[in-house]
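This report refers to the structure that appears directly beneath it.
Worth saying up front: this structure is predicted, and the values here are computed from it rather than measured. Residue numbers count from 1 along this sequence. Quick note: numbers below take in every heavy atom, side chains included, and nothing from hydrogens, waters or symmetry partners. Each ligand, and each atom within it, is numbered from 1 in the order the structure gives.
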Amino acid sequence: MTVDATHVASGKVREIYAVDDETLALTASDRISTFDVVLPTQIPDKGRVLTGLSAFWFVRTRDVVPNHLAELRPDGRTMICRRLEMLPIECVVRGYLAGSGWKDYRETGAVCGHELPKGLLEAGRLPEPIFTPATKAAHGHDENVEEERAAALCGHDLYRAAKEASLALYRFGAAHAEDRGIILADTKFEFGMDSDGSLVLGDEAMTPDSSRFWPVSEYAPGRPQASFDKQFVRDWCERAGWNKEAPGPELPPEVVAGTRARYVEAFERLTEISFDEYVADPTVVL
Ligand code: PZK
């Protein structure tokens, strides 16, 4: 990184540095996690794909809700961001029933208080996208919560604004992606407040790490869907007989190359910009 900064936090595959009192640097590594474990093998350029996609969406959704992006660094993997006071919830929007949404529906017929029609299939499309907030777990999995609990944690006005912004962002991204052969099945946003208390979108946005991307061409409800980006890794891990506890297995070169190609393909399909051009000059997404 060419920005002078002190490290303040680590995510599974990203790091945050403090630049000054008002500014952070958010940098995406090439690490990959699957089955909740970070693997010892990196996927070259994965961090650039995620950062480039986030920046692409941030620029195109500014009129939906303001966001924290201040500057995209020449490395293509670092965003300089406005420092926010983050809301204590994960803002998840689901257009399809997968993961914990499918699990909750199967067990109760509802997800976060949304009573859904009977007879929906695993990975089935919902009649309307739903907002399904979750509380941030310090470790382990986030917990889906009902609207009243999430609103009490954020304050009702900010909660309402985050919910409406999340649904509008998802509708924009999902329509854009579907036109380009990718189903944005669900996605997670994180919001914060700026110094005057107004809502700002933070974190990453509509990337493969914060969303489920499914290829339209392979979509078939009634079973788990192939992941656009991680399916080679998951398949290889299953065939290798890994018990899904840390440490994960090293990936062979053909799985690394195939997975890198899928990330680059997602970037190019969604942005309609060549990834090589992005690497040469990241500002092409802005
Ligand atoms: C912030 N995270 C989560 C993400 C990590 C941790 N603009 C902002 N202002 C203040 N805080 C944050 C942000 C953002 N984005 C986000 N934690 C703090 C997170 C990635 C890596 F280590």
Could you check whether Arg48 makes a cation-pi contact with Tyr278, meaning its NZ or CZ is under 6.0 Å from the centre of the six-membered ring and within 45° of the ring axis? no
Taking ring pair (Phe, Tyr, Trp, His ring centres under 6.0 Å) as the definition, give me every residue that meets it alongside His7, ordered by chain and number, with sequence neighbours left out. Tyr17
Pick from Asp229, Asp30, Asp209: which one makes a salt bridge (Lys or Arg N to Asp or Glu O under 4.0 Å) with Lys46? Asp209
Would you please name every residue forming a ring pair (Phe, Tyr, Trp, His ring centres under 6.0 Å) with His176, sequence neighbours left out? Phe56, Trp57
Per-ligand residue contacts, ligand 1, heavy-atom threshold under 4.0 Å: Ala9, Ser10, Gly11, Arg14, Ile16, Leu24, Leu26, His68, Arg82, Arg83, Leu84, Met86, Asp203
Hits for side-chain hydrogen bond (donor to acceptor under 3.5 Å, both in side chains) against Gln231, two or more places apart or cross-chain, chain-then-number order -> Asp235
Face-on cation placement of Lys244 at Phe35 ring, 6.0 Å and 45° thresholds: yes
